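First up is the structure itself, then whatever we jot down about it.
Naming convention: chains lettered A, B, ... in sequence-line order (proteins, then strands); numbering from 1 in each chain. Please read all numbers here as calculations on a predicted model, not as lab measurements.
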Number of protein chains: 2
Amino acid sequence: MHKDDANLDELDLRILERYQHDTLLPARTIGEEVGLSTAAVQRRLKRLREVGVIRREVAELAPKAVGLPITCVVAVDLDQERTADLERFKQRMQGLPEVQQCYYVTGQADFILIVLVASMEAYDAFTQRALLTDANVRSFTTSVALERVKTGVAVALPPAPPR
Amino acid sequence: MHKDDANLDELDLRILERYQHDTLLPARTIGEEVGLSTAAVQRRLKRLREVGVIRREVAELAPKAVGLPITCVVAVDLDQERTADLERFKQRMQGLPEVQQCYYVTGQADFILIVLVASMEAYDAFTQRALLTDANVRSFTTSVALERVKTGVAVALPPAPPR
DNA sequence: CATGAAACACACTCCCG
DNA sequence: CGGGAGTGTGTTTCATG
C-alpha cells in the first residue's frame, strides 16, 4: 500500500485540478486546457488511479434529497485507548452506515464523527446502538449541523509544485 | 432552490446506491443489477442530476499523495453571532482552499472545519490568516487527525424504501 | 519513455414503437 | 420503458522524437 507521493508533475496536477471537481468533463476538454492530447490525458488519469492518487470517482448526493436531512458532528471519548480498543472502535465505525466520516484525533476527544441521519429519532437510535451500548465509550458530545456550509472531498492542489 | 425530496422510487435508490460509490460503472452493468435497460438507467441518472439529487460527480484524491498529509478538525467559536457576522464567516470559509468542509453547528462551538494542509507550518499560517486575524473569532481548538478512518461523501441510502 | 494520430471498442443519446 | 441507429467518448495500437 503506497499511497504516498507518487511524483506528480505539473501536468498531472493541472489535470487533477479540473478532473476532481467534475469527472464528467471530457478528457478532450482537459487536454485543450493543459495542452495535451486526449489519449495523454486518459493515460495519466489511468496511471493516477493505479497508483492510488485518485482513490475513486464518486457521486456527491444531496443528503436532504435522499432523506437524510440531519448532519451531526460527534466527538467521542474512549475509556481504554489500547491499540486493540482503538482498532475495534475504528472497525465498528467503518461498518456503520450513518457514519459518513470518522477521524482519529488528538485533543480532548479521541474520535470525530460526521453522522448523517433521517431524523433526531434516528440519531437517538444511532447513539444507542453505536455509542451508549459500547462500554468503552466514556462519553460523547453531539453538535447538530444547522447548515452544511461547505462539503465534499475536493482538495486544494498546490498552485506551483516543484519544478 | 428545490433540493428537497424529489420523490425517488426504489429503482432510483438502487441505482444511486451503486452509482454513488463508482461513477465509472457502466449504466449497462447497473441496469443488469436493478433490472432496467441501459437507456432507462441513464435517463434516471440525468433526471437525478437535474433535480439536484446528484450534486456533482467528483474524484476523491488521496490527500497524502497530493502533498496534503495533515488533516485538522477545528472547532471555531465566534464572538458576534448576528446573521451578518455568520454570513461573512461562511463566505470566508468558502473561499479558503485549506477548508475542505465547514459546518455551522449547535453546541459549544459555532463552526466545525475540516482543514487539509501540507505541514504544521502551513496549518499555523492558515490559523494566522484565517482565524487569528479575524476579530470576530473568539477562540478555536484544533484536533489533529492521526488517522482518517473513514472519509468520503458516500451516503447511506435506506435499505428498503416504501413498497 | 511519453507523446500524438488513427483505428477500434464501448458507452451515452435520441427517437420510435 | 425497451430497443435500435447515430454520436461521442474512452481505449488501444503504432510510429515518432
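A 6.0 Å sphere centred on CZ of B:Arg129 holds more than 12 heavy atoms belonging to other residues, nucleotides or ligands. Counting heavy atoms of neighbouring residues, nucleotides and ligands inside a 6.0 Å radius, atom CD of B:Gln108 does not exceed 12 of them. Heavy-atom contacts from other residues, nucleotides or ligands closer than 6.0 Å to CZ of B:Arg47 number more than 12. Counting non-hydrogen atoms of other residues, nucleotides and ligands closer than 6.0 Å to CD of B:Glu32 gives a total above 12.
One can place CG of B:Leu25 at 16 Å from P of D:dG10, the figure rounded to the nearest angstrom. To the nearest angstrom, P of D:dG2 lies 9 Å from CG of B:Leu11. Remark: C1' of C:dA2 and CG of A:Asn7 are 14 Å apart, rounded to the nearest angstrom. When the P atom of D:dG2 is taken as reference, atom CD1 of B:Ile30 falls 14 Å away, rounded to whole Å. Taking atom CD1 on B:Ile15 and atom C1' on D:dC1, their separation rounds to 12 Å, with Å as the unit. Rounded to a whole Å, the CG atom of A:Leu45 is 9 Å from the P atom of D:dT11. Atom-to-atom, CD of B:Glu57 to C1' of C:dA11 comes out at 15 Å; the value is rounded to the nearest Å. A:Arg28 places its CZ atom 17 Å from the P atom of D:dT7, with the value rounded to the nearest Å.
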- request: Before giving the answer on side chain to side chain contact (heavy atoms under 4.5 Å, CB included), spell out for A:Arg18 and A:Val34 the whole-Å C-alpha distance, their side-chain angles and the decisive distance to 0.1 Å.
  value: CA-CA 10 Å; A:Arg18 300 292 278 116; A:Val34 305; 5.6 Å; no
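Listed candidates were D:dG10, C:dC15, C:dC12. Nearest to the side chain of B:Gln42 is C:dC12. Picking from C:dA6, C:dA2, D:dC1 the nucleotide with the shortest atom distance to the side chain of A:Arg44 gives C:dA2. Taking only side-chain atoms of A:Ala27, from C-beta outward, the nucleotide of C:dT13, C:dC15, D:dG10 with the closest atom is D:dG10. Residue A:Ala39 places its side chain closer to C:dA5 than to any other of C:dC15, D:dG10, C:dA5.
A close approach under 4.0 Å does occur between a side-chain nitrogen or oxygen of B:Lys46 and OP1 or OP2 of C:dC14.
For A:Arg43 against D:dG10, a side-chain-to-base donor-acceptor contact under 3.5 Å is absent.
Within the 4.0 angstrom heavy-atom criterion, no nucleotide atom of any strand lies near A:Arg47.
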